[in-house]
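Since the model is a prediction, treat every value here as computed from it, not as a measurement. All chains are named by letter (A, B, ...) in the order of the sequence lines, taking the proteins before the strands, and each is independently numbered beginning at 1.
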Amino acid sequence: MRNYLNSSFFKVLIFFYSFLISNSFADDVRIKINSGQVEPLPIAIADFTGVGGKANQIGRQIAEVISNNLVGSGQFTAVESAAFIAPPTSPSVRPKFTDWTPLGIKALITGSVKNINEQQVEVEFRLWDVIAETDLIGLRLSVNENSWRRVAHIISDEIFERLSGDSGYFDTRIVYVAESGAQNKRLKRLAIMDQDGENHQYLTDGSFLVLTPRFSPTTQEITYLAYFKNEPRVYIFNLVTGEQELLGSFPGMTFAPRFSPLGDKIIMSLAEKGVTDIYTMNLNNQEVVRLTNSPSIDTSPSFSPDGKKVIFNSDRGGSQQIYIMDANGKNIKRISYGQGRYATPVWAPKGKLIAFTKMLKNTFYIGVMSPDGSGERLLAKGYLVEGPTWAPNGRVLMYFKQDAPIDDGKSSSVNLYKIDITGFRETRVITPSDGSDPAWSPLIPN
Amino acid sequence: MEKKPEKIKNRQKESLAKGILNTLTKSQKKVEKNKKDKKEYNNTEILKKIKKIAGNSNRQVQQTEIKLSITDINKIQNHVKKFWNVSYAASEVKMVITLKIRTSVDGSIKSVIIYDKNLYQKDKFYRATADTARRAVLDSSPLPLPKGKEKKFENFLFDFDPSFITNY
């Protein structure tokens with residue numbers, strides 16, 4: 001027995017017993033934290049280091065684009081680089097975290113640019129959690145030096161996703177209607193640019209009026225409405241080939257063509273004999289199907305992401321409100337019940353929200369609500385704010401805004417704005433001329 | 001007369017035999033008694049040994065039987081929630097994020113471990129939100145531990161619940 005007592009086996013048993021006791025005690029203290037803040041995260045973006053003047057310049061530019069992207073999302077604030085104590089020399093060098101914590105920084109981005117040859121550069125970055133003192137993600141890309149801006153957007157997407165969990169939306173484009181000239185002789189051209197307003201180019205020359213451009217959800221194609229000899233036509237513009245395809249001429253009035261989630265159909269409203277109803281057109285066989293049939297005005301249809309439902313606005317109840325129906329036109333139900341009139345509903349890519357334009361007491365609003373009409377929140381307002389479009393991650397909206405006419409009676413300029421869905425940060429997107437009716441692309445394929 | 005001594009002798013023999021038998025019986029009992037004593041000695045010794053080896057944990061159990069009040073818990077909750085800065089994308093996380101915490105007596109955080117490593121690897125929303133919870137705990141160091149109850153917090157768990165973020 002004494003031998004047994006002295007044996008290591010017995011000691012192990014006793015140790016296990018003690019461990020069980022201490023462990024059960026550990027588990028009996030559980031503290032629930034069920035509230036916190038939803039505020040921009042303070043981050044620091046150090047200039048990407050580079051050997052040589054050109055690499056240095058590209059490094060600075062990449063850091064600047066990343067900073068603009070992340071801060072513009074409304075989810076981050078960037079600490080001024082002048083406050084940095086000792087900027088890191090390379091992304092592979094572990095930062096001295098105690099240099100960054102006093103600045104209130106939670107995450108640090110470091111990077112470098114190296115020349116591989118005359119045209120190619122290697123860009124590397126690393127994201128650090130300053131509080132947990134660990135690296136979160138890193139990436140190395142070899143690209144043509146002219147593509148540095150796209151690299152900056154791709155890196156921004158990686159950082160955004162790692163810190164928020166959401167997919168990024170920075171490597172995307174915006175198509176919109178560029179407006180210029182006098183109000184009575186307005187030139188309206190189709191234009192495209194990066195989501196931050198860079199790499200701007202015109203797609204049409206202004207010889208005919210264009211309206212309501214919309215991106216295909218699956219390809220780099222745009223559908224839009226053009227008035228050719230006063231006849232509305234629906235076109236598809238292929239951004240890769242630059243070719244335009246005429247889908248059809250629709251006498252009377254046609255409004256707001258928009259792709260289905262699979263990109264195989266477009267949905268639009270057509271005015272015939274004084275009534276406006278909603279139709280779909282199959283892009284493979286041009287078959288047109290009527291979805292609504294009422295004496296009212298039914299416009300602005302938008303598919304749900306799963307393609308099973310359609311939202312639209314209609315004055316069938318007396319005032320302009322948002323309605324939902326099955327994709328075959330059945331089970332029509334009103335969902336908006338707030339004060340004022342509602343228009344241009346657009347289903348968010350994730351399906352949880354619907355963005356809309358609201359008009360109440362001479363003021364326009366951009367807002368969001370759930371697909372059942374609950375939880376209405378107004379994010380932006382103005383003399384005229386209209387035409388919301390979702391970023392592909394469903395966290396940011398872009399729309400156009402016009403201020404009240406100036407004293408001499410002339411219309412004020414029309415500009416594009418974006419806002420995150422908390423309504424925290426509204427940012428103007430700079431365009432060469434006035435801009436309206438924006439549409440956001442899906443993420444650009446690599 | 002001569003027979004008497006024989007009788008006596010016989011009696012003596014008998015008593016001698018009885019005595020021997022008695023002695024033999026007594027000695028057998030003594031052996032059993034000794035065995036019992038030895039057993040009792042061994043049990044006491046085992047108990048002593050157990051107490052000696054497991055004594056510390058017994059003392060711990062006695063100490064940790066101190067109850068935490070709602071005020072104790074609220075004080076820590078209110079302190080930590082000030083540091084939890086979470087992205088609205090955390091609305092995608094449909095579960096509680098558990099962190100294992102080790103603290104010093106002064107409330108300073110010795111370590112934070114994200115409990116569900118599997119989900120941390122697989123789910124990007126969980127990973128990002130768990131990181132925000134870890135930062136909140138590290139930022140909130142030292143924790144305002146109730147006096148005299150610090151031992152309770154040597155090892156404990158935080159459950160971060162992001163369900164307060166809705167409509168995003």
Side-chain angles (χ1 to χ4, degrees), chain A residues 1-2 4-6 10-11 14-15 17-42 75 101 106-107 129-134 136 160-167 350 352-353 368-370 374-375 377 393-395 420-422 424, chain B residues 42 45-46 49-50 53-54 56-58 60-61 64 68 73 76-77 80-93 96 98 100-101 112 123-129 131-139 151-168:
Chain A
M1 191 68 178
R2 278 187 187 181
Y4 184 57
L5 262 176
N6 286 329
F10 192 70
K11 282 180 181 170
I14 299 231
F15 173 78
Y17 167 70
S18 317
F19 176 78
L20 275 179
I21 289 172
S22 61
N23 223 31
S24 62
F25 128 74
D27 279 358
D28 77 10
V29 182
R30 289 186 90 112
I31 298 179
K32 193 168 188 176
I33 307 295
N34 54 10
S35 66
Q37 282 75 46
V38 183
E39 284 177 357
L41 187 74
Q75 294 209 42
T101 42
K106 308 300 177 196
D129 187 324
V130 172
I131 307 304
E133 300 192 352
T134 182
L136 297 174
F160 186 89
E161 181 167 324
R162 185 60 188 84
L163 289 176
S164 74
D166 250 336
S167 303
K350 287 179 181 171
K352 286 181 179 176
L353 292 172
V368 291
M369 64 168 70
S370 297
S374 64
R377 285 190 292 122
N393 69 353
R395 302 292 181 188
D420 68 292
I421 55 164
T422 60
F424 178 79
Chain B
N42 283 345
E45 202 173 346
I46 290 164
K49 280 252 179 185
I50 290 171
I53 298 169
N56 288 335
S57 61
N58 280 339
Q60 277 181 354
V61 172
T64 54
L68 291 173
I73 299 292
I76 294 170
Q77 281 173 326
V80 175
K81 75 181 185 188
K82 284 187 289 188
F83 295 92
W84 194 21
N85 188 8
V86 65
S87 160
Y88 43 66
S91 60
E92 302 286 337
V93 181
V96 158
T98 301
K100 280 179 165 181
I101 313 294
V112 183
D123 185 328
K124 60 182 187 170
F125 290 103
Y126 185 92
R127 181 168 59 234
T129 310
D131 284 342
T132 66
R134 180 171 59 185
R135 279 196 292 273
V137 174
L138 292 169
D139 267 343
K151 276 270 179 188
K152 285 282 247 181
F153 296 91
E154 271 185 340
N155 297 284
F156 72 104
L157 304 174
F158 267 130
D159 286 332
F160 281 80
D161 182 359
S163 64
F164 68 95
I165 304 162
T166 53
N167 263 345
Y168 294 111

B:Thr132 and A:Lys106: side-chain donor and acceptor closer than 3.5 Å? no
[X] side, atom [atom1]; [Y] side, atom [atom2] - distance, nearest 0.5 Å:
| X | Y | atom1 | atom2 | result |
| --- | --- | --- | --- | --- |
| A:Leu163 | B:Arg127 | CG | CZ | 11.0 Å |
| A:Lys32 | B:Phe160 | NZ | CZ | 12.5 Å |
| A:Ile131 | B:Leu138 | CD1 | CG | 7.5 Å |
| B:Tyr88 | A:Glu39 | OH | CD | 13.5 Å |
| B:Glu92 | A:Asp166 | CD | CG | 6.5 Å |

Pair A:Val38, B:Val86 - check side-chain contact (heavy atoms from CB on, under 4.5 Å), show working. CA-CA 5 Å; A:Val38 183; B:Val86 65; 4.2 Å; yes
If you compare all heavy atoms of [X] against all heavy atoms of [Y], which two are closest, and at what distance to 0.1 Å?
| X | Y | result |
| --- | --- | --- |
| B:Ser87 | A:Ser164 | OG-CB, 3.5 Å |
| A:Val29 | B:Lys152 | CG2-O, 3.6 Å |
| B:Trp84 | A:Ile33 | CZ3-O, 3.7 Å |
| A:Ala132 | B:Arg134 | CB-NE, 3.6 Å |

Side-chain contact, heavy-atom cut-off 4.5 Å: B:Val96 with A:Arg30? no
Hey, are the side chains of A:Arg162 and B:Asp131 touching, using non-hydrogen atoms and a 4.5 Å cut-off? yes
Side-chain donor or acceptor of A:Asn34 paired with backbone N/O of B:Asp161 under 3.5 Å: no
Between A:Gln75 and chain B, which part of the residue has a heavy atom less than 4.5 Å away: side chain, backbone, both or neither? side chain
Under 4.5 Å from any heavy atom of chain B, what part of A:Ser167 do you find: side chain, backbone, both or neither? both
Go through the atoms of B:Arg135 and report whether side chain, backbone, both or neither lie under 4.5 Å from a heavy atom of chain A. both
Can you tell which part of B:Tyr126 gets under 4.5 Å to a heavy atom of chain A, answering side chain, backbone, both or neither? neither
